[in-house]
Each structure stands twice: as C-alpha cells, then as structure tokens.
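Below: the structure, in structure tokens.
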Amino acid sequence: MVHAAPPARTTAHMPVTTAGTPVTAYRPPDVFDRRAHMVARVAGSVLLGLVYGYWAAANRRSGGPITGWNVLFGLVCAVVFAALCIGMLRVAPRLARGAHALLWAVFTGIALGFLYSQTGQSVLRSCGLALAVAAAVFLFDYYRYYTPRSARRRADTPRSTRRRADTPRSTGRHAG
C-alpha cells in the first residue's frame, strides 16, 4: 500500500494543513475588533479604579461615618488609579519583557502598599508589604512573560538544530 509523503518543506513533527502548507503558529480566533478591545481596556480600568477608590475610602474611614471628604478621597483615588492603569496598559507591552514585569510589580506593590497604609499601620509595615507583593508579582510576571516565548521559539526550531546541554558551544574561531 502506498502512502502520501508529507511535503518536503515540513518535518515530521510540524503540523500541516489540509492544503499541505505548514502551520507556523496557532492563533485563537479574535471575535472582537480592535475598537472593542480598546473600550474593554478602558472600561475595565475604570471599573478597577472605582473598586480601588471605594476600598481606599473605606480603609481611611475605618468603619466611621461617610463624609464628603471621604467620598472626595475615594473619587480622587479612583481617577488616579484608573489613569495609571490605562497608561500601564498602553506603555507596558512596548517594553522589554523584564522591564514589563518590573513595571507591573512596582504598580501593584505601590497600589497595595498605599491601601494598607490607609488602615493606620506604620509606614515601615506598609513598605514591607508593598515590597513583598511587588517581589511576588515580579517573579510571577517574569515567568509568565518569558515562558511562552521560549517554548514557542523552541517549538519552531527543528530538532536537528537544537544544541544538547552537553555539547560545547562553538566560539567561531578556528583551532590551530
């Protein structure tokens, strides 16, 4: 029995479409257009800002009566948080992977440290919490931003060109 051989441009482990062309990368379908994604980013940031502002105002009044100054403080916190979040969503993807992770870590650490400081705790304790949260977010984001790209890059290279761990690297110089 004769079987059809795969096209010459592909390797045995590379997926092939029914037309015989290799699949380079899987990309999930995009159901919304660019405008819908932009509106969702802004709306999500504003919603997070409102929650953050309410949380900051509630921490500051510590169960006491709601006053006009408390409402104003919550609204100012909401506007500042939403503006910073929108700015982060625009700037962070343009940065290198390490700087991207660091920016989100700093933002998260400062935001939660500020919330904690509104409860009446000491500045040192608030800074300690902010640093701990920022370190955890940095480690998580650094891993998140480096792992998929490394796996994709490794999947795109044929097995025959991958360097084994025990194989010495070539320095490009001729011996002799």
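Everything numeric here is computed off the predicted structure, so don't read it as measured data.
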Handout entry: Cluster check Leu139, Leu131: I/L/V/M/F/W/Y, side chain < 4.5 angstrom
Key = no
Handout entry: Ser126 versus Gly113, closest heavy-atom pair with distance
Key = CB-O, 3.8 Å
Handout entry: Single-linkage hydrophobic cluster Leu48~Leu50, side-chain heavy atoms < 4.5 angstrom
Key = no
Practice task
Determine whether Val106 and Phe138 fall in the same hydrophobic cluster, where Ile, Leu, Val, Met, Phe, Trp and Tyr are linked whenever their side-chain heavy atoms lie under 4.5 Å apart.
Solution key: yes
Handout entry: Pairs meeting criterion side chain to side chain donor-acceptor pair (under 3.5 Å) with involvement of residues 34-57, two or more places apart
Key = Asp30-His37
Practice task
Consider only side-chain heavy atoms of I, L, V, M, F, W and Y, link residues closer than 4.5 Å, and tell whether Val137 and Leu95 are in one cluster.
Solution key: yes
Problem - Polar side-chain atom of Thr108 near backbone of Ala105 as donor-acceptor pair, under 3.5 Å - result: no
Problem - For the student: nearest non-hydrogen atoms of Ala101 and Asp141, plus distance - result: CB-CB, 3.7 Å
Problem - Straight-line distance of Cys127 SG to Tyr116 OH, nearest 0.5 Å - result: 12.0 Å
Side chains of residues 63-89: which donor-acceptor pairs under 3.5 Å do they make with residues two or more places apart or in other chains?
unit_1 : atom_1 : unit_2 : atom_2 : d
Thr67  : OG1    : Asn70  : N      : 3.2
Asn70  : ND2    : Ala57  : O      : 3.0

Practice task
Using modelled atom types only, decide if a donor and an acceptor are shared between the side chain of Asn59 and the backbone of Gln118 within a distance under 3.5 Å.
Solution key: no
Problem - Side-chain H-bond candidate by donor/acceptor type, Tyr142 with Arg97, under 3.5 Å - result: no
Handout entry: Flag side-chain contact, heavy atom, 4.5 Å: Trp104 against Phe140
Key = no
